[in-house]
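Notes for the one structure printed next.
All values below come from the heavy atoms of this structure, side chains included, with hydrogens, waters and symmetry mates left out. So you know, we letter chains A, B, ... as the sequences are listed, proteins then strands, and number each from 1.
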There are 4 protein chains.
Amino acid sequence: MKAADKHSKIIHAATKVFAKKGFFNARISDIAKEAKVADGTIYLYFNNKFDILISVFEEEIGSLVEQVTKSLSVEPDPRKKLEIFATRHLTMMKKNKNLAEVIQIELRQSAKLIKDYRNNKFSEYIDIISTIIKLGQEQHIYRADIKPGIAKRAFFGALDEISRIWSISLETEYSVDDTISQIMTIFLSGMLVTHTE
Amino acid sequence: MKAADKHSKIIHAATKVFAKKGFFNARISDIAKEAKVADGTIYLYFNNKFDILISVFEEEIGSLVEQVTKSLSVEPDPRKKLEIFATRHLTMMKKNKNLAEVIQIELRQSAKLIKDYRNNKFSEYIDIISTIIKLGQEQHIYRADIKPGIAKRAFFGALDEISRIWSISLETEYSVDDTISQIMTIFLSGMLVTHTE
Amino acid sequence: MKAADKHSKIIHAATKVFAKKGFFNARISDIAKEAKVADGTIYLYFNNKFDILISVFEEEIGSLVEQVTKSLSVEPDPRKKLEIFATRHLTMMKKNKNLAEVIQIELRQSAKLIKDYRNNKFSEYIDIISTIIKLGQEQHIYRADIKPGIAKRAFFGALDEISRIWSISLETEYSVDDTISQIMTIFLSGMLVTHTE
Amino acid sequence: MKAADKHSKIIHAATKVFAKKGFFNARISDIAKEAKVADGTIYLYFNNKFDILISVFEEEIGSLVEQVTKSLSVEPDPRKKLEIFATRHLTMMKKNKNLAEVIQIELRQSAKLIKDYRNNKFSEYIDIISTIIKLGQEQHIYRADIKPGIAKRAFFGALDEISRIWSISLETEYSVDDTISQIMTIFLSGMLVTHTE
DNA sequence: TATGAATGAGGTTTCATTCAT
DNA sequence: TATGAATGAAACCTCATTCAT
């Protein structure tokens with residue numbers, strides 16, 4: 001097995017374990033067992049436990065960015081692009097609960113633990129949203145007075161809070177489609193009744 | 001000093017320490033020192049470390065619910081009510097960074113750690129939003145097709161993600177007012193350019 | 001309530017609690033609760049936890065000595081005296097399981113913990129046996145080559161080990177009477193088949 | 001060093017420390033220091049402190065059973081067998097004071113602490129006595145009316161109480177030989193003067 | 001590279017004892 | 001005398017990390 005393979009095997013194992021137990025409750029030996037390597041082997045690929053967490057983000061979110069970017073590239077309409085982002089995000093979070101939990105919980109932990117960890121990949125991911133909004137503004141589809149820097153957080157926050165509930169409660173009140181539909185309505189048209197007739 | 005006072009003194013100390021270090025990195029002795037009591041004294045008021053965390057939520061969010069409810073009671077307009085909620089929430093999070101961090105980080109931790117902790121007070125808090133939306137729907141101000149159960153999460157998630165950034169980054173790109181204005185525009189009118197003229 | 005009463009109330013409570021939980025697992029607050037006094041009150045009557053244990057011995061065994069001595073005083077026959085001692089001891093241990101356990105377990109603990117605790121009352125109790133033996137030797141009923149100092153321990157040890165089993169196992173294979181009969185046979189006549197005919 | 005060696009090294013260290021301080025006063029770090037391993041190492045071999053105590057019994061008494069059984073195997077006479085048992089027991093207790101104390105004190109503690117610990121090895125040890133008695137009864141050497149189940153406890157209790165005194169008092173009033181002689185006289189022939197002439 | 005036994009620092013919790021009331 | 005809230009020392013146990021093989 002190549003080094004890169006083992007590295008990624010550990011990353012995946014760690015994602016699973018962090019998701020299940022949380023960063024602090026996860027033991028290195030749990031990750032080692034999940035990855036089927038010896039405890040000591042982990043330290044040949046990572047500096048310490050925290051380094052694993054950071055790597056999990058970088059790799060998992062990195063691949064998320066890749067997938068989403070690819071999906072978006074074939075769609076020119078900024079409205080549709082936003083919907084695609086939401087769909088891909090929620091679908092992924094529903095499918096990959098491990099990743100979902102790691103993002104929801106550990107993202108916050110880690111942001112706190114090391115101020116100098118810039119969440120590069122994560123920023124990149126969020127910035128996909130603002131890029132879409134800017135594009136829409138250039139095309140006069142999105143209101144010019146919307147600040148992409150705030151809107152991207154509002155949009156991501158909305159999606160994240162919804163998928164958070166999916167993670168902790170077994171029942172899923174609303175389907176992905178229902179949710180997308182609601183989110184798009186709210187973010188595109190707002191909640192007010194429109195009296196345009 | 002009365003028992004109730006000491007209880008609340010420990011709660012406030014714990015909020016501070018949890019915010020600064022996170023639940024897992026916080027030591028009981030940190031909380032004790034902050035509260036100016038002996039380590040053992042804490043166990044006269046709480047069963048264990050986790051019980052402190054739960055209590056912090058219940059009490060801090062409980063008082064948040066109280067304040068917000070009071071503010072809302074004097075305003076009949078559902079549009080304004082939503083704005084008041086956003087304003088009070090963001091203002092509080094900006095002012096009380098400890099509480100903000102505890103909500104953002106530990107809320108997620110605890111939800112994960114004990115599935116049977118129903119986050120009663122927190123649910124109550126979030127439900128203020130859905131109650132406002134329902135009221136607005138009855139008055140035909142908010143669209144009937146908006147599902148309050150989803151919208152409340154979207155709205156809270158948006159606010160929470162924004163205040164999360166405030167907590168971790170020292171620079172404050174946007175003021176509370178700016179942010180409120182953006183959030184209200186998005187949630188009430190949406191991001192699309194309206195061609196009603 | 002007089003001081004002496006409270007003192008003895010605590011002693012009895014302690015005997016109960018020590019028997020149930022053992023000295024180390026017993027908490028002062030357990031004893032206080034059992035005695036229906038405040039924790040601090042105990043320290044008005046005893047110097048520390050260990051002092052309570054010593055006092056329990058002195059008092060409980062003291063009263064045992066008194067009772068046994070009284071029973072023995074009316075019986076002149078050394079053979080019967082020994083039987084009375086065995087009967088009283090086993091009956092008491094069976095009736096007062098608390099005392100039994102305290103003797104069996106804590107006697108050994110305490111003897112170890114403080115070398116300078118001479119178990120005065122306990123020695124006095126054991127010496128009742130050697131006194132009986134000496135009396136019997138004077139009357140040429142007991143063999144002159146029996147050393148009372150060893151025989152007293154053998155006799156007490158035999159009784160104690162038997163009552164120990166009673167304490168830990170719920171089933172009581174043998175009755176007190178059966179046991180006495182066996183013990184007296186062994187100690188008086190030995191286990192060998194006698195070919196005197 | 002092999003794992004088995006380290007296991008046994010810890011057992012011996014624990015026996016020593018428990019004997020010296022008693023189970024409750026013994027600290028894990030005491031045992032670790034005595035065994036010249038790190039505190040944590042102990043938990044690679046034992047589940048918890050109590051598990052160490054149980055293991056000490058099983059191992060130490062197990063080897064006692066082995067030795068005694070071996071000594072007995074070459075002696076056919078039930079009278080001599082009993083004497084051999086007493087001699088080996090008392091000799092061992094005098095030589096290995098640590099083991100003696102652990103048996104005397106902790107045997108009682110542990111029997112109390114966990115009702116479901118059956119003291120397997122210890123029962124096996126005691127049952128050596130009843131087996132000898134039964135053998136003697138078959139050969140019409142020991143009285144048929146002696147109940148081996150009671151007699152075994154009486155015999156063991158007698159030996160144990162005597163060795164208990166050896167442990168706690170430095171002076172040794174009686175030698176092993178003296179004691180054996182007394183014990184055998186009592187248990188075989190009883191204390192009564194025999195008028196067979 | 002890989003292993004996994006060993007390390008030892010560190011934290012939660014308990015509880016005997018004190019002391020202000 | 002009596003109380004019981006407060007104290008704070010102490011110990012079991014965990015687990016990230018190391019290192020000899």
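In this structure, C:K36 atom NZ and F:dA2 atom P are separated by 16 Å, rounded to whole Å. In this structure, B:F46 places its CZ atom 12 Å from P of F:dA6, rounding to the nearest Å. What separates NE2 of B:H7 from P of F:dA6 is a distance of 13 Å, to the nearest Å. Put simply, NZ on D:K9 is 16 Å from P on E:dA5, counting in whole angstrom units. In this structure, B:K33 atom NZ and F:dA6 atom P are separated by 20 Å, rounded to whole Å. Per the geometry, CG belonging to A:D5 stands 14 Å off C1' belonging to E:dT1, to the nearest Å. Protein atom CG of B:D30 is 13 Å distant from nucleotide atom P of E:dG10, rounded to whole Å. To the nearest angstrom, P of F:dC15 lies 15 Å from CD1 of A:I52.
Between B:T15 and B:I11, the closest side-chain pair of non-hydrogen atoms falls below 4.5 Å. Considering only heavy atoms from C-beta on, B:N25 stays 4.5 Å or farther from B:D30 through its side chain. Between D:R27 and D:K33, every side-chain heavy-atom pair lies at or beyond the 4.5 Å cut-off. Taking 4.5 Å as the limit, every side-chain heavy atom of D:Y45 sits out of range of all side-chain heavy atoms of D:I52.
The 5' end of DNA chain F is approached more closely, in terms of each residue's nearest nucleotide, by C:L44 than by the other of C:L44 and B:I42. In terms of position on DNA chain E, the residue among D:T41 and A:T41 whose nearest nucleotide sits closer to the 5' end is A:T41.
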Seminar exercise, completed: Reading nucleotides 16-21 of chain E from 5' to 3' and marking B where a protein heavy atom lies under 4.0 Å of the base, S where only the sugar-phosphate is that close, and - otherwise, the string is SBB---
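Proximity of A:Y45 to the phosphate of E:dT1: no side-chain N or O atom is located under 4.0 Å from OP1 or OP2. The phosphate of F:dT1 has neither OP1 nor OP2 within less than 4.0 Å of any side-chain N or O from C:K6.
Under the 30°/60° scheme for interplanar angles, the aromatic rings of A:F23 and A:F50 are found to stand perpendicular.
With a cut-off of 3.5 Å on both pairing distances, the Watson-Crick and G-U wobble pairs of DNA chain E assemble into stems of 3 or more at E:2-21 with F:2-21.
Proximity of a side-chain donor or acceptor of B:K121 to a complementary backbone N or O of B:L64 within less than 3.5 Å is not detected. At least one donor-acceptor pair under 3.5 Å links the side chain of B:K49 to the backbone N or O of B:A26.
The side-chain hydrogen bond (donor to acceptor under 3.5 Å, both in side chains) contacts involving residues 34-43 of chain C comprise C:K16-C:E34, where partners must be two or more places apart or lie in separate chains.
The structure places CG of D:L99 at 4.5 Å from CE of D:M93, a figure rounded to the nearest 0.5 Å.
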